[in-house]
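Report on the following structure.
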Amino acid sequence: MKAGVIGSPIAHSLSPLIFKFVAHRLGQNIDYQAYEVKLEESKKFFQELKIDNSFVGLNITLPFKESFLNDLNKISPEVKALGALNVLHIKGDEIHGFNTDVIGIQKTFESRKFLIDSKKCFLFGAGGSAKAVAYVLGKEGAFQVTIFNRSIRGQEIVNQFSLLFPKTKWNWISSFNELPPEKISYDLVINATPLGMTGKDSGVEFFHSLEKIPFSQNALAFDLIYTPEETDFLKSAKALGLSGIGGIGMLIDQALASWKIWFGELINEHALHQELEAILKGVLKLRQNQKSIYLTGFMGVGKSKVGLELAHLLGRTFLDTDQLIEAKAKSSIKDIFSNFGESYFRDIENSILLETLTFKNSIIALGGGALIKVENQHVINQSGLLIYLSASENILFERIEKQNLDRPILLNLAVDEKKQKIKELLMLRLSVYQKAKIHVQTDLLNAQDVVFKILAAIGENEIQESK
Ligand code: NDP
């Protein structure tokens, strides 16, 4: 079964990762891909989709949210009101359109137990997502919605939604001098502009203006932006005593809502949401600081397999120091050990390790003894992100036997001797491995489980900025 997301540019979309995780967690086999489609090719893409019966649906992102409206067999009331969609559901020879951003926004308020009914709301922006926010505010019975936007698009939303949701008082302002003269205390303020988003214009100065808005006690600030986690808008709001919430929950909920449209109810949605939140925060942190990830741990624990999976998922380069050593020495590790001894091997390993310190955005699997040199632990912890993969002695033994590789340190040993050697080496190296910032226990997990656990752990831990 195929699904995917189309847009342009699409390379940084988090949707493939979200859907890969959900499919993995639910044990389903879904081929979800990101499709880069140029504007002039979108009609052709849509026509082909109609005759390709392998797709269950698609997520639609910029610039196509308004493109297919007239080509669909059915659209939801939200799509009709907003003139934009983000989900296609392919049902036999029919294609239906939905807008699950609306659900993502509703669920964000629900997560804070924040009832919109009768609230006074202040909304920055009048673009596509601001309109979806305004729709939720109107539908849920807000008392007042003030839209702050520099262009007339604010007035267009006011005109449309005054008719659709007449119970709500709507007004558009383009400067703070136009704030309603009667002293309104706003209960909710939302940023639906890109100001303060990583890679876009700063919002520091713009959101100083929050001081000019009168707020009620317990007012909530919601920023749709999810990177950085703590935005300029949220910082300003918190400085004024408001509680704040970012856009990551909305991103996850709009995706889970797509899944439900395609495949039906989700069990354990709350747990999935929480896991996804940690994973996405991990991915976003890695994108921001671009550190390389070093995987350490005992031989056989699965560093190479996990490293490859992780690199594939993140679109990063994978390197295995043992392979680099073999390439540099033009000899197998077994031969290096038997011909030149362990200390010669460790010297080459050390020089390779130092070379990797200049790499960014790589996933590097370290040999099991690579961190024995104390200075190596230090430099790797400084310039990269060190992650310790652990497993119990028995599991390590099983994995080593299954891999059937010639491990120089265990060569020519009987089963009991091998087990004893593993135990001894583990005891010796444990304190070294435990210097890693992040530790993932892998006993009952497969490589994909470990990859997602690593990302979640990165999301949940403080990670030093790159030097
Ligand atoms: P649009 O481009 O459709 O709208 C942007 C709005 O911001 C417009 O109203 C625009 O004003 C205003 N704006 C842009 N630049 C400035 C500026 N320098 N000063 C003042 N106003 C400005 O964007 P979207 O609605 O699609 O997205 C807005 C934000 O929401 C993005 O940062 C996006 O990342 C985030 N988002 C988050 C989602 C999530 O799942 N968490 C989902 C969708 C969006 P004007 O009309 O005058 O041009």
Side-chain angles (χ1 to χ4, degrees), residues 5 7-10 12-15 17-19 59-67 78 82-87 98-109 111-112 122-137 145-160 172-176 189-210 221-234 236 244-259 273 276-277 280-281 283-284 287:
V5 55
S8 184
I10 201 67
H12 288 294
S13 170
L14 289 166
S15 296
L17 192 132
I18 295 177
F19 286 94
N59 289 117
I60 309 293
T61 186
L62 299 175
F64 302 117
K65 287 189 164 189
E66 295 158 17
S67 298
E78 291 80 16
L82 298 173
L85 54 80
N86 69 331
V87 181
F98 298 86
N99 190 312
T100 61
D101 282 341
V102 166
I103 297 173
I105 294 161
Q106 277 168 330
K107 291 229 170 198
T108 299
F109 295 126
S111 75
R112 285 299 174 100
F122 195 100
L123 172 59
F124 286 102
S129 58
K131 201 169 172 188
V133 171
Y135 179 86
V136 172
L137 300 180
V145 177
T146 298
I147 300 175
F148 186 105
N149 194 57
R150 58 190 181 181
S151 77
I152 191 102
R153 285 160 92 188
Q155 186 61 48
E156 288 163 12
I157 296 181
V158 167
N159 293 347
Q160 182 187 350
W172 162 56
I173 60 174
S174 58
S175 99
F176 283 98
V189 58
I190 299 147
N191 174 37
T193 77
L195 288 167
M197 184 176 160
T198 306
K200 302 275 181 184
D201 290 346
S202 159
V204 173
E205 251 180 63
F206 188 81
F207 292 120
H208 269 147
S209 59
L210 287 180
F222 169 29
D223 197 337
L224 271 66
I225 293 172
Y226 49 82
T227 174
E229 198 179 337
E230 178 87 317
T231 59
D232 298 331
F233 171 79
L234 289 178
S236 293
I245 187 161
I248 195 116
M250 172 183 168
L251 176 75
I252 294 169
D253 283 318
Q254 61 78 29
L256 295 182
S258 319
W259 181 283
H273 189 293
L276 263 172
E277 187 163 334
L280 294 180
K281 282 181 181 168
V283 172
L284 293 169
R287 279 189 187 172

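In what follows, every heavy atom counts, from backbone to side chain, and hydrogens, waters and symmetry copies are set aside. Indexing begins at 1, ligand by ligand and atom by atom, following the structure's order. Note that the coordinates shown come from a computational prediction; the quantities given were computed from them, not determined experimentally.
When each atom of ligand 1 is checked for a heavy atom of Ser151 under 4.0 Å away, the hits are 45 (P), 46 (O), 47 (O). Distances below 4.0 Å separate heavy atoms of Gly125 from the following atoms of ligand 1: 9 (O). Here is the list of ligand 1 atoms found below 4.0 Å of a heavy atom in Ile225: 32 (O). Set against the non-hydrogen atoms of Ala192, the atoms of ligand 1 under 4.0 Å away are 6 (C), 28 (C). Distances below 4.0 Å separate heavy atoms of Met197 from the following atoms of ligand 1: 32 (O), 34 (O). Atoms of ligand 1 found under 4.0 Å from any heavy atom of Arg153, numbered from 1 in the order shown, are 3 (O), 8 (C), 45 (P), 46 (O), 48 (O). Close approach to Gly128 involves these atoms of ligand 1, each under 4.0 Å from a residue heavy atom: 3 (O), 25 (O).
Residue nearest to atom 32 (O) of ligand 1, selected from Gly203, Pro194, Ser202: Pro194 (by heavy-atom distance). Here the shortest heavy-atom distance to atom 38 (C) of ligand 1, taken over Lys200, Glu156, Met250, belongs to Met250.
Not a single heavy atom of Gly104 lies less than 4.0 angstrom from ligand 1.
Counting protein heavy atoms under 4.0 angstrom from atom 48 (O) of ligand 1 gives one or more. Distance check on atom 40 (O) of ligand 1: some protein heavy atom falls below the 4.0 Å cut-off.
Considering backbone and side-chain N/O atoms, Ile248 never comes within less than 3.5 Å of an N/O atom of ligand 1. Checked against a 3.5 angstrom limit, the closest N/O atoms of Leu62 and ligand 1 fall outside it. Some N or O of Asn149 is nearer than 3.5 Å to an N or O of ligand 1, by distance alone. Distances between N or O atoms of Ala126 and those of ligand 1 include at least one value under 3.5 Å. Taking any N or O of Arg150, backbone or side chain, at least one lies under 3.5 Å from an N or O belonging to ligand 1. Between Ser129 and ligand 1, an N or O atom pair is found at a separation short of 3.5 Å. Between Lys65 and ligand 1, no N or O atom pair is found at a separation short of 3.5 Å.
Between Trp172 and Ile157 there is no side-chain heavy-atom pair separated by less than 4.5 Å. Taking the side chain as every heavy atom from C-beta outward, Phe207 and Thr193 approach each other to under 4.5 Å. Looking only at side-chain heavy atoms (C-beta outward), Asp232 and Ser202 come within less than 4.5 Å of each other. No side-chain heavy atom of Lys200 sits less than 4.5 Å from a side-chain heavy atom of Ile225. At least one side-chain heavy atom of Leu14 sits under 4.5 Å from a side-chain heavy atom of Tyr226.
For Glu205, the CD atom sits in a loose shell: 12 or fewer heavy atoms of surrounding residues, nucleotides or ligands are nearer than 6.0 Å.
Protein heavy atom in closest approach to atom 37 (C) of ligand 1: Leu224 O, 3.3 Å. If you check which protein heavy atom lies closest to atom 1 (P) of ligand 1, you get Gly127 CA, 4.0 Å.
Contact annotation for Phe124 and ligand 1: no heavy atom of the residue comes within less than 4.0 Å of the ligand.
The aromatic rings of Phe19 and Trp259 lie parallel to each other, their planes meeting at an angle below 30°, with 60° marking the opposite boundary. By the 30° and 60° cut-offs, the orientation of the rings of Phe148 relative to Phe124 is tilted.
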One pair to check against side-chain contact (heavy atoms from CB on, under 4.5 Å): Ile248 and Glu229. What are the steps and the verdict? CA-CA 8 Å; Ile248 195 116; Glu229 198 179 337; over 6 Å; no
Output, in order, the C-alpha distance, side-chain angles, deciding distance and verdict of side-chain contact (heavy atoms from CB on, under 4.5 Å) for Leu284 and Thr198. CA-CA 10 Å; Leu284 293 169; Thr198 306; over 6 Å; no
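Expressed to the nearest 0.5 Å, how far CG of Asn86 lies from CD1 of Ile103 amounts to 8.5 Å. Ile18 CD1 to Gln254 CD: the interatomic distance, rounded to the nearest 0.5 Å, is 6.5 Å.
The closest side-chain donor-acceptor pair between Asn59 and Ser15, if any, does not fall under 3.5 angstrom.
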